[in-house]
Amino acid sequence: MPQRRRLSRYAEEFDTVEVNSTLYRLPREKTVADWVDQTPPGFSFAVKGSRYLTHIRRLRDTDTGLRRSFDR
């Protein structure tokens, strides 16, 4: 199966997916919009928190980083 079809096929069987890539970097807004377009209404994305916030900052003083993540 081509990579571009994997998410839509996955969404035919499951209603949630964990996004591991967010541990390393935030996706572009267009990327997230494409994910939403490829999945049905009500499909959920469980995103991992930034490695910087969880591993380096150890969840201390995370206000700015969390705002940046949620703004996207």
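Values below: all heavy atoms of this structure, side chains included; hydrogens, waters and symmetry mates excluded. As the structure is a prediction and not an experimental result, all values here were calculated from the model. Nothing fancy with the numbering, it's 1 onward along the sequence.
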Hey, could you give me the [atom1]/[atom2] distance between [X] and [Y], rounded to the nearest 0.5 Å?
X: R4; Y: Q38; atom1: CZ; atom2: CD; result: 10.5 Å
X: R28; Y: D34; atom1: CZ; atom2: CG; result: 8.0 Å
X: E18; Y: S44; atom1: CD; atom2: OG; result: 13.0 Å
X: T54; Y: I56; atom1: OG1; atom2: CD1; result: 8.5 Å

Do the side chain of Y52 and the main chain of L23 share a donor and acceptor less than 3.5 angstrom apart?
->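 Absent.
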Are any non-hydrogen side-chain atoms of W35 and T31 less than 4.5 angstrom apart?
->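 Yes, close enough: below the 4.5 Å cut-off.
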Looking at every heavy atom in both [X] and [Y], which two are closest together, and how far apart are they?
X: T22; Y: K48; result: OG1-O, 2.7 Å
X: F14; Y: F43; result: O-CE1, 3.2 Å
X: V19; Y: F45; result: CG2-CD2, 4.1 Å

